[in-house]
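We count residues from 1, following the sequence as given.
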Amino acid sequence: MAFRGWPAEAIEFYEGLEADNSRTYWQENKAVYEELVRGPMDELLAELASQYGEGRIFRPYRDVRFSKDKSPYKTAIAATLANGGYISLSAEGLGAGRGLYMPAPDQLERYRRAVADERSGRQLVQIVSKLRKSGITVDAHGLPEGPPAYRAASLQGAHQLEAVAGRRVAGHA
C-alpha cells in the first residue's frame, strides 16, 4: 500500500497520550496506534527502502528502570533508516533529519579534524548557514565542550558527538 500520510487522528492519539500516559489509555487506543500511527509509518518506510535502506521503528514503550519519569509510553513514533536518516511523528508534528549520530571514535576524530581545518571548516560553516536560512534546524549533542584542540573550531557545536540537521513540521492546531 502506498504512503498517503498520517491522518489527524494520529496527532490526536499522541495528544491524548501526552494527557494520559497510562496503560489504560494505551490499551483503549492500541488499535488507533496500530492502524493510524504505525501503519502509515510502515508504508512510508517501505517506500523509502529502495533509496535509504531498511527502516526500523523504535518500540513505543519507554525503559523507565533508571528514569525519574515513569511514563510507560513514548509520545512519538520514530524510525531510523539503514542508509541514514530519522523520521518521527508526535503531537508536535512530523520531524525528519539526517546527520552524524553516535560515530565511532575514528569517525569522530576525522569529523573534528575536518571542522578544525581552515578550508573544510569554512565550507561546513557555509553549508550550516545555508541550511539554517532555509529553515532547517542544525543541532549538535553530546559533550558540553570538546577536547582542547577543537574548542576554537569555527562551527558552534563542532566538538559535539552528534551533529544532526532536520526539520519539524507542526501538527494541526
Subject >> Heavy-atom neighbours of Tyr52 OH exceed 12 at 6.0 Å >> reply: no

Original post:
Can you check whether Leu124 reaches Tyr111 side chain to side chain, under 4.5 Å on heavy atoms?
Top reply: yes

Subject >> CD on Glu9 to CG on Asn29, rounded to 0.5 Å >> reply: 12.0 Å

**OP:** Output all residues satisfying salt bridge (charged side-chain N to carboxylate O under 4.0 Å, His left out) with Arg38, sequence neighbours left out; order by chain, then residue number.
**Re:** Asp42

Original post:
Just wondering, more than 12 heavy atoms not from Gln27 lying within 6.0 Å of its CD?
Top reply: yes

Subject >> Closest non-hydrogen atom pair, Met41 against Ala79 >> reply: SD-CB, 4.1 Å

**OP:** Kindly write out the residues that satisfy ring-ring contact (aromatic ring centres under 6.0 Å, His included) with Phe58, not counting sequence neighbours, or none if the list is empty.
**Re:** none

Subject >> Under the side chain to side chain contact (heavy atoms under 4.5 Å, CB included) test, residues paired with Ala104 that sit two or more places apart >> reply: Asp106, Gln107

Subject >> Partner residues of Thr75 under the side chain to side chain donor-acceptor pair (under 3.5 Å) criterion, sequence neighbours left out >> reply: none

Subject >> Pairwise distance NZ(Lys130) to NZ(Lys133) - rounded to 0.5 angstrom >> reply: 10.5 Å

Original post:
Any idea which heavy atoms bring Tyr86 and Ala78 closest together, and the distance?
Top reply: OH-CB, 3.4 Å

Original post:
Of the non-hydrogen atoms in Leu94 and Trp6, which two are nearest, and what is the gap between them?
Top reply: CD1-CZ3, 3.7 Å

Original post:
Is the backbone of Glu92 close enough, under 3.5 Å, to the side chain of Tyr14 for a donor and an acceptor to pair up by distance?
Top reply: no

**OP:** List the atom of Glu43, the atom of Arg4, and the distance in Å for their closest heavy-atom pair.
**Re:** OE1-N, 4.3 Å

Original post:
Does atom CZ of Arg56 have more than 12 heavy-atom neighbours, drawn from other residues, nucleotides or ligands, at distances under 6.0 Å?
Top reply: no

Subject >> Minimum heavy-atom distance Leu36-Ala10, with the two atoms named >> reply: O-CB, 3.4 Å

Subject >> side chain to side chain contact (heavy atoms under 4.5 Å, CB included) against Tyr73, all qualifying residues, sequence neighbours excluded >> reply: Leu17, Asn21, Arg23, Trp26, Tyr61

**OP:** Please report the shortest heavy-atom distance between Val37 and Phe13, naming the atom on each side.
**Re:** CG2-CD2, 4.0 Å

Original post:
If you look only at pairs with a residue in residues 60-78, which of them pass as a salt bridge (charged side-chain N to carboxylate O under 4.0 Å, His left out), with sequence neighbours excluded?
Top reply: Arg62-Asp69, Asp63-Arg65

Original post:
Quick one: which of Thr80, Leu48, Ile57 gives a side-chain contact (heavy atoms from CB on, under 4.5 Å) with Ile87?
Top reply: Leu48

